[in-house]
Protein chains: 2
Amino acid sequence: MKTKAKTLPAKPVPVPARYRARAEIVKALGHPTRLMMVDRLAAGECCVCELQKLAGADMSTVSKHLAVLKRAGILENEKRGLKVFYRLSCPCLTDFFGCIEGVLRKRAGRLAAEL
Amino acid sequence: MKTKAKTLPAKPVPVPARYRARAEIVKALGHPTRLMMVDRLAAGECCVCELQKLAGADMSTVSKHLAVLKRAGILENEKRGLKVFYRLSCPCLTDFFGCIEGVLRKRAGRLAAEL
DNA sequence: TTCATATTTGGCAATTTAGCCAAGCAGATG
DNA sequence: CATCTGCTTGGCTAAATTGCCAAATATGAA
């Protein structure tokens, strides 16, 4: 006989690796400071100290954010003299923001409509 | 006189609202299960129970993931009879993945080159 | 009304993440 | 060599996130 479950008891199917890999990248981008740095880097490589000024945060904090983005494969870096320069590993990230802005506009429209 | 700081003492400039708003959306997308559900919804609306089967997770977990996506403005929902149907609020999310895949390919290439 | 189905919500423990300070390290410069 | 600059790392605490269970809610059917 078959026992009738109240609610499907959550058979734990692992999420496909494809989505786990994508999520790693998206997650790395999901922070205001990191997003701002990526936006700056879309205009060309720059050193950590410049990014620090831009972010207005502690140098160690900036460095850790950069490490997150690098680990995700979003940035590459290179040391020249005393400075370390970071750049986008993939130029497509430039238009990545277009879609995000689309969601924002849509959301703004909805909020406006609710007034 | 001006005291010389060892390292710039992290003058705490707030990150512009633009990036905070964007990060909210990106963060909402930064989870394997949520990414999978968004991918499914890019093919057309569907009900929570179908997404649950797809995700293979607890119903309450799926529901909370959907709430995160809705709060971010990524999804809309509508109740019809017993079921609740979710859909993308912005079709652009469909090509959003193109860029992410670009980063993945680039990363795969780099890893392969390191062997 | 009573029951079943579909979904949301509250609560909670385990894990992860963020940001600060202090310390470390490598390259340049005196 | 000693010292400065630019950056990274370790350690720590506070806060956020995840996922499960149990309970609540809403709609439809008997």
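So that the names make sense, note that chain A is the first sequence line, chain B the second, and so on, each numbered from 1. What you see is a predicted model; the values in this text were computed from it and never measured.
Summarising the geometry, the separation between CZ on B/R80 and C1' on D/dA26 is reported as 17 Å, rounded to the nearest angstrom. B/M59 places its CE atom 18 Å from the P atom of D/dA23, with the value rounded to the nearest Å. Atom CG of B/L51 and atom P of C/dT8 are 10 Å apart (whole Å). We find that CD of A/E50 is positioned 13 Å from P of D/dG6, with the value rounded to whole Å. Protein atom CG of A/L75 is 14 Å distant from nucleotide atom P of D/dC7, rounded to whole Å. With rounding to whole Å, B/Y19 atom OH is found 18 Å from C/dA18 atom P.
Taking a cutoff of 4.0 Å between a charged side-chain nitrogen and a carboxylate oxygen, B/E78 and B/R80 qualify as a salt bridge. In summary, B/R18 and A/D39 do not engage in a salt bridge, as defined by a charged side-chain N under 4.0 Å from a carboxylate O.
Distance alone, capped at 3.5 Å, places no donor-acceptor pair between the B/R34 side chain and the B/L66 backbone. Remark: side-chain polar atoms of A/T33 are not paired, donor with acceptor, to backbone N or O of A/A55 under 3.5 angstrom. Counting only distance, with no hydrogens or angles, the side chain of A/R20 and the backbone of A/V15 share a donor-acceptor pair below 3.5 Å. A distance-only check finds a donor-acceptor pair linking the side chain of A/Q52 to the backbone of A/A57 [under 3.5 Å].
Taking only side-chain nitrogens and oxygens, B/Y86 never comes nearer than 4.0 Å to OP1 or OP2 of C/dA6.
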Dump the pairs, protein N or O against N or O of nucleotides 17-19 of chain D, anything under 3.5 Å, distances to one decimal.
from   : atom 1 : to    : atom 2 : distance (Å)
D/dT17 : OP1    : B/K27 : NZ     : 3.0
D/dT18 : OP1    : B/R34 : NH2    : 3.2
D/dT18 : OP2    : B/R34 : NH1    : 3.4
D/dG19 : OP2    : B/H31 : NE2    : 3.4
D/dG19 : OP2    : B/H65 : NE2    : 2.9

*Report the C-alpha distance between B/R40 and B/E50 in whole Å, list the side-chain angles of each, state the deciding distance to 0.1 Å, and finish with yes or no for side chain to side chain contact (heavy atoms under 4.5 Å, CB included).*
CA-CA 10 Å; B/R40 164 63 188 82; B/E50 194 179 325; 3.0 Å; yes
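Here the closest heavy-atom approach between residue B/A28 and residue B/I74 is recorded as CB-CD1, 3.9 Å. Looking at every heavy atom in both residues, B/K70 comes nearest to B/L75 through CG-O, 3.6 Å.
Where the helix from C/dT1-D/dA30 to C/dG30-D/dC1 starts and where it ends, the local axes point in directions that differ by 10°; five pairs per end, rounded to 10°.
Along DNA chain D, the nucleotide closest to A/L82 and the one closest to A/N77 are compared, and the more 5′ of them pairs with A/L82.
Note on A/F85: nothing from the nucleic acid sits closer than 4.0 angstrom, heavy atoms only.
Contact of A/S60 with D/dC7 (side chain to base): no donor-acceptor pair of N or O atoms is detected under 3.5 Å.
Checking D/dT8, C/dT8, C/dG27 against the side-chain heavy atoms of B/V48 singles out C/dT8 as nearest.
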